[in-house]
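Here's the structure we're looking at; comments come further down.
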Amino acid sequence: MLRTGIYYSTFSETFEKCFIKDDRYKLLLSGIGVTVKVALLAAVMGLIIGFIIALFNLSKSKPLNIIGKIYTDVIRGTPSVTQLMIIYFVVFATVNWAKWIIAAIAFSINSGAYVSEIIRAGILSIDKGQTEAGRSLGLSKSQTMMSIIVPQAVKNIFPAMCNEFITLIKETAIVGYVGLVDIQKAGDFIKSATYEAFMPLIATAIIYFVIIKALTLVLGRVEKRLRKSDQR
């Protein structure tokens with residue numbers, strides 16, 4: 001009983017020092033906001049970039065095809081942390097934008113390369129007869145793509161896109177390199193201020209897990225609804 005009481009006392013003291021004292025828990029709350037903002041903006045822009053690059057890679061135009069392949073090869077072949085630092089310290093070095101926006105741009109460029117391959121694979125998975133049917137109805141190539149091919153491809157690639165978004169959230173943990181205080185950086189600050197490593201690191205891990213688990217459940221339900229609509 002005495003030993004249990006000592007452990008409880010030590011735990012509560014450490015918890016108070018890490019999260020209650022000086023309102024350090026607010027660092028984590030603020031970090032959650034930064035992580036969510038960066039990930040959401042990067043996901044939206046990455047989807048747009050990915051769709052454009054996918055069309056480039058599927059294009060019969062050699063210049064567009066070359067641009068698409070170079071983009072995907074370079075981005076997929078270099079570390080995301082290196083890309084983030086190049087975008088922040090070189091490309092946008094003289095631009096007076098909010099740090100989180102620049103970070104989101106960097107992640108969107110990175111994500112766009114992976115999204116483009118997902119979209120390209122999804123479009124190629126649609127039977128060519130669908131394209132021929134659209135053209136026989138008098139639709140142009142772009143109309144056939146947007147009205148017939150893309151809606152079907154979206155259902156095929158939805159699970160892979162969900163995985164990419166989840167990966168993107170975890171990858172944002174490196175934004176501390178450009179001075180942003182996200183979840184991971186907030187945990188690092190608490191660790192440095194308190195000289196306690198266990199609780200801050202476990203707290204950041206739990207927060208990431210909860211966010212990703214909640215997102216997985218929500219996206220899972222959306223995917224089930226998409227499947228049900230196919231069965232009708």
Side-chain angles (χ1 to χ4, degrees), residues 14-15 17-19 22-50 72 74-93 95 97-118 159-220:
T14 305
F15 184 88
K17 182 168 69 170
C18 290
F19 306 118
D22 297 328
D23 292 334
R24 291 189 177 117
Y25 70 92
K26 290 183 179 179
L27 280 173
L28 291 171
L29 294 178
S30 176
I32 292 171
V34 171
T35 296
V36 171
K37 283 194 303 184
V38 172
L40 283 177
L41 183 57
V44 172
M45 292 193 296
L47 182 61
I48 296 169
I49 294 170
T72 52
V74 170
I75 298 301
R76 294 175 71 186
T78 53
S80 55
V81 65
T82 305
Q83 296 165 17
L84 173 64
M85 295 179 79
I86 289 172
I87 294 295
Y88 186 84
F89 292 110
V90 179
V91 178
F92 287 91
V95 179
W97 287 3
K99 290 181 179 181
W100 75 270
I101 294 177
I102 298 174
I105 292 171
F107 284 113
S108 69
I109 292 171
N110 177 272
S111 181
Y114 295 93
V115 169
S116 69
E117 288 300 287
I118 294 171
M161 292 295 292
C162 292
N163 289 334
E164 172 58 25
F165 184 44
I166 288 169
T167 300
L168 182 61
I169 291 175
K170 290 186 284 187
E171 283 187 348
T172 59
I174 63 172
V175 295
Y177 279 97
V178 295
L180 272 173
V181 182
D182 67 324
I183 299 169
Q184 185 62 54
K185 196 64 177 178
D188 289 343
F189 277 148
I190 294 172
K191 179 165 63 72
S192 299
T194 62
Y195 299 100
E196 295 285 350
F198 178 77
M199 278 198 183
L201 292 176
I202 291 298
T204 57
I206 290 172
I207 291 169
Y208 275 115
F209 176 79
V210 170
I211 291 172
I212 291 167
K213 188 63 178 178
L215 186 62
T216 301
L217 291 173
V218 171
L219 294 175

> Do Met199 and Ile202 have side-chain heavy atoms sitting under 4.5 Å apart?
Replying inline: no
> Taking all atoms of both residues into account, what is the closest heavy-atom pair of Ala39 and Ile169, and its distance?
Replying inline: CB-CG1, 3.8 Å
> Is the shortest heavy-atom distance from the side chain of Leu168 to the side chain of Tyr114 under 4.5 Å?
Replying inline: no
> With a 4.5 Å limit on heavy-atom distance, are the side chains of Lys185 and Leu180 in contact?
Replying inline: no
> Can you tell me how far the CH2 atom of Trp100 sits from the CG atom of Leu41, to the nearest 0.5 Å?
Replying inline: 5.0 Å
> Roughly how far, to the nearest 0.5 Å, is OH of Tyr25 from CG of Leu28?
Replying inline: 11.0 Å
> Which atom names give the shortest non-hydrogen contact between Gly112 and Ile49, and what distance separates them?
Replying inline: CA-CG2, 4.2 Å
> Would you say the side chain of Val34 lies within less than 4.5 Å of the side chain of Val181, judging by non-hydrogen atoms?
Replying inline: no
> Is the number of heavy atoms from other residues, nucleotides or ligands within 6.0 Å of CZ (Phe89) greater than 12?
Replying inline: yes
> So do Tyr88 and Lys99 actually touch side chain to side chain, heavy atoms under 4.5 Å?
Replying inline: yes
> Which heavy atom of Asn110 sits nearest a heavy atom of Ile75, and at what distance?
Replying inline: CA-CG2, 3.5 Å
>> Which heavy atom of Ile190 sits nearest to which heavy atom of Pro200, and what is that distance?
In response: CG2-CG, 3.7 Å
> Between the side chain of Arg24 and the main-chain N/O of Lys17, is any donor-acceptor distance below 3.5 Å?
Replying inline: yes
> Does any N or O in the side chain of Ser111 come within less than 3.5 Å of the main-chain N or O of Ser108, such that one atom is a donor and the other an acceptor?
Replying inline: no
> NZ/Lys213 to CG/Leu217 distance, rounded to the nearest 0.5 angstrom?
Replying inline: 5.5 Å
> Any side-chain heavy atom of Val44 within less than 4.5 Å of one from Leu40?
Replying inline: no
> Yes or no on side-chain contact (heavy atoms from CB on, under 4.5 Å) for Leu47 and Phe165, after CA distance, side-chain angles and deciding distance?
Replying inline: CA-CA 10 Å; Leu47 182 61; Phe165 184 44; over 6 Å; no
> How far apart are the closest heavy atoms of Asp182 and Gly176, and which atoms are they?
Replying inline: OD1-N, 4.4 Å
> Atom CG in Leu215, atom CG in Leu219: separation rounded to 0.5 Å?
Replying inline: 4.5 Å
> Between Thr72 and Ser116, what is the shortest heavy-atom contact and its length?
Replying inline: CG2-OG, 3.4 Å
> Going from CD1 on Ile86 to CZ on Phe92, what distance comes out if it is rounded to the nearest 0.5 angstrom?
Replying inline: 13.0 Å
> Can you find a heavy atom in the side chain of Ile183 that is under 4.5 Å from one in the side chain of Thr172?
Replying inline: no
> What residue pairs, at least two apart or across chains, pass salt bridge (charged side-chain N to carboxylate O under 4.0 Å, His left out) with a residue in residues 163-181?
Replying inline: none
> Is the backbone of Leu27 close enough, under 3.5 Å, to the side chain of Ser30 for a donor and an acceptor to pair up by distance?
Replying inline: no
>> Please report the interatomic distance CZ(Phe19) to OG1(Thr14), rounded to the nearest 0.5 Å.
In response: 10.0 Å
>> Within the structure provided, determine whether Ile118 and Asn163 are in side-chain contact (heavy-atom separation under 4.5 Å).
In response: no
